[in-house]
Amino acid sequence: MKDTLDTAVDQMPVKGFLDLKGLEIPTGDDLIKAILDLKKEKNAVILAHYYQPGPIQDIADFLGDSLQLARQAKDTDADMIAFCGVHFMAEAAKILNPNKKVVLPDTLAGCSLADGCSGEGLRKMREKYPNALVATYINCNAETKAESDIIVTSSNAETIIEALPKDRPVIFAPDKNLGRYLSKKTGRDMILWDGSCIVHEAFSMERIAKQLAEHPNAKLIAHPESESPVLELAHFIGSTSALLNYVEKDDCQEFIIATEEGILHEMKKRAPHKTLIPALVFDESCNCSECFYMKRNTLEKLYLCMKYELPEIIIDEELRLKALKPIEAMLELSKSIK
Ligand code: SF4
């Protein structure tokens with residue numbers, strides 16, 4: 001993978017692709033209009049994850065979780081995909097749709113899970129367990145995907161693990177918390193990679209227990225990337241889209257939400273009369289549960305990446321084909337999941 005530009009705003013002058021002197025970035029409504037004009041002019045589609053900043057979610061053509069975004073990226077007939085999420089997501093879009101130009105507002109939008117599991121590391125692990133099947137969470141880079149037998153997302157992981165042949169051991173990477181949760185749900189022992197999400201592992205069971213005591217009518221809902229003590233307290237555990245649907249449809253009027261805070265933007269739209277309380281993290285000086293990486297993207301960077309078509313995701317074809325196989329295996333096995 002070669003990044004043509006590290007970040008649209010911060011490092012353009014350093015890389016020397018564009019001279020920022022005299023370059024104007026519109027503001028306010030003009031910025032929104034400029035992005036919409038670029039979309040038309042370049043036949044581009046804007047895909048955004050639920051954890052993106054609110055203004056990006058509002059301007060996106062499609063908002064979704066990892067599985068929904070992968071499907072959109074595969075099926076789009078746009079010429080350019082402006083992917084507002086983190087790097088591994090934009091990379092997956094390129095793997096699925098190599099003839100499209102995929103741009104990411106800020107290539108420093110990384111992920112602690114993806115960064116903590118290299119292709120080489122996973123290859124070494126599978127050498128230790130030569131009979132094992134490797135199921136890997138989509139939150140990983142292309143090299144890691146290429147070492148996997150099948151990719152999963154939090155929406156389809158349980159279905160996929162259940163479908164794997166029972167006579168083969170399973171290695172699950174990179175999220176140990178999701179792996180542990182799946183192991184419990186499916187009753188299947190799995191060999192877990194020791195990785196975690198810096199956002200979900202920051203939730204404090206003690207502080208959340210206090211929140212529940214203060215809001216006795218509230219339900220705690222949690223993403224399975226959270227640690228076991230938090231999951232044990234939860235009334236409902238589900239993927240990003242499952243949490244959204246739950247808040248919308250459940251009779252309860254008050255929820256404490258243990259996942260990345262960006263999801264509240266869409267939850268408030270879908271359930272405007274319900275009370276939504278972000279779950280508290282260990283660090284008492286900071287009550288937020290925002291993903292620093294997801295929030296690197298801004299409307300200004302989106303504008304620049306669409307205008308200059310940089311930073312563009314580039315991937316070696318041999319690697320792309322290797323990484324594509326386990327993603328296609330996932331899409332095939334999760335056809336019944338919305
Ligand atoms: S919230 Fe966690 S898993 Fe998602 S992009 Fe951020 S660090 Fe990665």
Side-chain angles (χ1 to χ4, degrees), residues 7 47-54 56-57 60 63-70 73 83-93 104-118 122 135-145 148 151-157 172-182 192-204 221-227 230-231 237-244 257-267 278-283 286-298 301 313:
T7 93
L47 304 184
H49 191 271
Y50 289 120
Y51 296 172
Q52 284 294 284
I56 289 185
Q57 294 193 35
L63 184 62
D65 64 13
S66 302
L67 178 61
Q68 294 163 332
L69 291 171
F83 205 109
C84 299
V86 291
H87 187 273
F88 75 80
M89 296 177 175
E91 193 180 55
L104 175 67
D106 188 326
T107 50
L108 295 187
C111 168
S112 65
L113 277 171
D115 294 348
C117 184
S118 67
L122 192 57
T136 308
Y137 194 27
I138 197 163
N139 298 32
C140 64
N141 61 32
E143 287 82 6
T144 306
K145 287 186 174 77
S148 310
I151 299 300
V152 307
T153 69
S154 53
S155 306
N156 60 26
F172 187 83
D175 189 349
K176 63 181 174 193
N177 292 316
L178 177 61
R180 228 179 263 132
Y181 169 76
L182 290 169
L192 303 180
W193 182 272
D194 187 14
S196 57
C197 158
I198 48 167
V199 176
H200 289 89
E201 73 176 358
F203 289 118
S204 157
I221 61 169
H223 191 282
E225 283 175 24
S226 310
E227 291 186 327
V230 172
L231 297 183
I237 300 166
S239 66
T240 309
S241 47
L243 296 179
L244 273 165
I257 295 139
T259 191
E260 209 275 349
E261 230 175 293
I263 199 176
L264 268 74
H265 189 73
E266 178 66 11
M267 270 180 186
L280 292 176
V281 295
F282 286 107
D283 181 356
C286 161
N287 283 339
C288 72
S289 50
E290 288 191 339
C291 174
F292 154 84
Y293 299 111
M294 283 278 183
K295 301 304 191 265
R296 284 195 66 90
N297 294 329
T298 60
K301 291 178 188 177
I313 302 290

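Numbering of ligands and ligand atoms starts at 1, following listing order. The figures that follow rest on heavy atoms only: side chains count, while hydrogens, waters and symmetry mates do not.
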- Expected output: side-chain Glu261 to main-chain Ser289 donor-acceptor under 3.5 Å: yes
- So which protein heavy atom does atom 2 (Fe) of ligand 1 come closest to, and at what separation? Cys197 SG, 2.3 Å
- Message: Please list, in number order, the atoms of ligand 1 under 4.0 Å from a heavy atom of Leu113.
- Response: 3 (S)
- Task: Would you mind running through ligand 1 and noting each atom that sits below 4.0 Å from a heavy atom of Asn139?
- Result: 3 (S)
- Query: How far is atom 6 (Fe) of ligand 1 from its nearest protein heavy atom, and which residue and atom is that?
  - Reply: Cys291 SG, 2.4 Å
- Rounded distance [0.5 Å steps], SG in Cys111 versus CD1 in Ile138: 11.0 Å
- Relative to the heavy atoms of Glu225, which atoms of ligand 1 are at a distance of less than 4.0 Å? 3 (S)
- Message: I'd like to know if the side chain of Ser154 pairs up with that of Asp65 as donor and acceptor (distance under 3.5 Å, no hydrogens or angles considered).
- Response: no
- Note on the structure: Closest to atom 8 (Fe) of ligand 1 (heavy atoms only, candidates Cys111, Gly110, Ser196, Ser66) is Cys111
- Tyr51: ring pair (Phe, Tyr, Trp, His ring centres under 6.0 Å) partners, not counting sequence neighbours: His49
- Note on the structure: When every non-hydrogen atom of Ala258 is compared with those of Ser226, the smallest separation belongs to O-OG, 3.7 Å
- Query: Is Asn141 reaching over with its side chain to a backbone N or O of Asp115, donor-acceptor style, under 3.5 angstrom?
  - Reply: no
- Task: Run the numbers for me: atoms of ligand 1, each under 4.0 Å from some heavy atom of Val199, listed by number.
- Result: 1 (S)
